[in-house]
2 protein chains.
Amino acid sequence: MSSVTPPLDAVVDEGRPLRRDAERNRRLILAAARQVFAQRGLHAGFDEIARVAGVGVGTVYRRFPDRGDLVDALFEEEIDAVVARVEAAAADPDPWAGLCDFVTWGVEAQAADRGLSQVLTAGGYGHDRIARGRARIEPAVAVLVSRAQSAGLLRADVSSLDIAIATATLSQIGGPDRADLRQRYVTLLLDGLAVSRDTPSPLPGVPPVDADLACLVEPARRGGSGPAEG
Amino acid sequence: MSSVTPPLDAVVDEGRPLRRDAERNRRLILAAARQVFAQRGLHAGFDEIARVAGVGVGTVYRRFPDRGDLVDALFEEEIDAVVARVEAAAADPDPWAGLCDFVTWGVEAQAADRGLSQVLTAGGYGHDRIARGRARIEPAVAVLVSRAQSAGLLRADVSSLDIAIATATLSQIGGPDRADLRQRYVTLLLDGLAVSRDTPSPLPGVPPVDADLACLVEPARRGGSGPAEG
DNA sequence: GGAGAAGTGGAGCTGTCTTTCCGTTTCGAG
DNA sequence: CTCGAAACGGAAAGACAGCTCCACTTCTCC
């Protein structure tokens, strides 16, 4: 307040005067964690993050004593991106196109980043920064939803959380590279969300093959469960 | 090949002359595994199955040397039940009602039994008995699907595997006791699958609350990830 | 009711993942 | 250049699940 705003504040807060090498490593760790969390989800071992970052595990633990710190640091801006995208969709002159755009994008964003999907759906991963970020998404989606409902295009009995749940659920289908497959179900969902229609929107992609079923649940582990291997 | 068909054959095969206590334990283990796999999925520890069955782990491993043996023994008849249900649905005089019935039931059956969901979707859990069982489902669903398509009620561009994937996906929503929630999305799916409709089928249940998002992905573990606890 | 095969249970081995600790290295102020 | 503090890395301790092994118990057949 008065004269003493101690420089220590800066250390505890954001603008930490970390030693140059420490700051460099911090960035390397964040970059590595972004990649590893996206691929493997938030359970990923600190070992792997350290290896990808090219630092020792000890360094990761010193900088981010618990996983929540790392999650907070990483996903705050990703959540900002989600909010921005919802708001952009809500600004689309065509309310229905805006909704379609957001659902399509949301499914892919979560499919491409398993960590994001976990942060958005499972409570209790990050700390306060994540909680605050999440709280900003739902109202934004609510705007998008009610606009499409007012226009008489989106059925009146869905809520913004229905959209969130459906979007998160569809993101679980297929691997990161199977956008084609997921978009079939996005299309079905959107056709189901429309108030009425005469004819189905054509499903994109090609019909799934037997192996496409497999990417839903966690696969059998290398243990006794005998992964048939082919 | 000639004269000696050792009585051991019987032991290795099906009609095993197990000792009375061993046969009793075998049944206890199967019952326990059915319950544990349904709740926790097929990764569940043999420890827990043993504890529920009231036997030692060693006993479980002796009787079912690998997880696939246990899965085979348990899920063959559950798959038969799925096939039976598809065939019953295909016999419904109303092709659309049959499809709705099967999707609704299939989602709940898989939601109530995580093990079943894994057996049906992830390849490589059981052994040959499971593989053979799975192979019987798809053709049966194909009948159901093409009947509804021929009647002009189901959109022509979905395949039976689309139905299987969508069904399995929706079963991941909510806990075992949230059939009300899942049926909202089943309704949306069916509305999306219809060739055309004028008005949306009303969504059952009540709109989800924030906490309902959480049951999609595996929750944070008790480790450093700081499950915010509330 | 006795002998021996069959079956049992759970202690403990193994491999995996998380976290801590401390001897060494690197930085940067003087 | 020198020195102290900060940071480093990775070995190893701890926690834990999957699986094995064998001293002991229980059954069955005679």
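These values consider heavy atoms only, across backbone and side chains, with no hydrogens, waters or symmetry-generated copies. Quick note on labels: first sequence line is chain A, next is B, and so on, each numbered from 1.
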Phosphate contact (C:dG7 OP1 or OP2) by B:Asn25 side-chain N/O below 4.0 Å: no
Nearest-Å distance, CD1 (B:Ile29) to C1' (C:dG7)? 11 Å
Between A:Arg62 and B:Ala44, which residue's closest nucleotide on DNA chain D lies nearer the 5′ terminus? A:Arg62
Report yes if at least one side-chain N or O of A:Arg63 is closer than 4.0 Å to OP1 or OP2 of D:dC8; otherwise report no. yes
When you check the gap from the basic side-chain N to the acidic O, do A:Arg63 and A:Asp69 get nearer than 4.0 Å? no
Separation of D:dA7 atom P from A:Arg27 atom CZ, nearest Å, is 15 Å
Going 5' to 3' through nucleotides 24-30 of chain C and flagging B where a protein heavy-atom sits under 4.0 Å of the base, S where only the sugar-phosphate is that close, and - otherwise, we get --BSS--
Length of the CD1-C1' vector between A:Ile49 and C:dC17, whole Å: 13 Å
Can you see if the side chain of B:Thr59 gets near the phosphate of C:dG7 - specifically, an N or O under 4.0 Å from OP1 or OP2? no
Between A:Leu190 and A:Cys100 the two heavy atoms that sit nearest each other are CD1-SG, 3.8 Å
Identify which nucleotide among C:dT20, D:dG18, C:dA11 has an atom closest to any side-chain atom of B:Val57, counting heavy atoms from C-beta outward. C:dA11
Walk me through whether B:Gln110 and B:Gln172 qualify under side-chain hydrogen bond (donor to acceptor under 3.5 Å, both in side chains). CA-CA 8 Å; B:Gln110 289 182 70; B:Gln172 316 257 318; over 6 Å; no
Rounded to whole angstrom units, what separation is found between the CD atom of A:Glu23 and the P atom of D:dA6? 17 Å
I'd like to know if A:Arg132 and A:Asp128 make a salt bridge, using a cut-off of under 4.0 Å between side-chain N and carboxylate O. yes
Using modelled atom types only, decide if a donor and an acceptor are shared between the side chain of B:Arg26 and the backbone of B:Val60 within a distance under 3.5 Å. no
Parallel, tilted or perpendicular: which describes the rings of A:Phe46 and A:Tyr61, with under 30° parallel and over 60° perpendicular? tilted
Can you tell me the distance, in whole Å, between the CZ atom of A:Phe46 and the P atom of C:dT20? 11 Å
Looking across every strand, which nucleic acid part, if any, lies under 4.0 Å from A:Asp47 by heavy atom: base, sugar-phosphate, or nothing? base
Hey, is A:Arg34 close enough to A:Glu77 for a salt bridge, meaning N to O under 4.0 Å? yes
Phosphate oxygens OP1/OP2 of D:dC19: is one of them under 4.0 Å from a side-chain N or O of B:Tyr61? yes
If you measure from the Lys or Arg side-chain nitrogens to the Asp or Glu carboxylate oxygens, is any gap between B:Glu23 and B:Arg19 under 4.0 Å? no
In which stems does DNA chain C show up, taking only runs of three or more Watson-Crick or G-U wobble pairs whose two distances fall under 3.5 Å? C:1-30 with D:1-30
Where the side chain of B:Val55 is concerned, which of C:dG9, D:dT20, D:dC8 is the nearest nucleotide? C:dG9
Using whole Å, what does the distance between atom C1' of nucleotide C:dT8 and atom CZ of B:Arg26 come to? 17 Å
Closer to the 5' end of DNA chain C via nearest nucleotide, is it A:Gly58 or A:Gly45? A:Gly45
Spacing between A:Arg40 atom CZ and C:dC17 atom P, to the nearest angstrom: 10 Å
Nearest atoms (heavy-atom pairs only) where A:Asp162 meets B:Pro208: OD1-CD, 3.0 Å
Please check this pair: side chain of A:Arg134 against backbone of A:Leu120, looking for a donor-acceptor N/O pair closer than 3.5 Å. yes
The nucleotide from D:dG18, C:dT18, D:dC8 with an atom nearest the side chain of A:Ala22 is D:dC8
Mind calculating the distance between CD (B:Glu48) and C1' (D:dG18) to the nearest angstrom? 14 Å
Kindly point out which of C:dT20, D:dC8, D:dG18 is positioned nearest to the side chain of B:Arg67? D:dG18
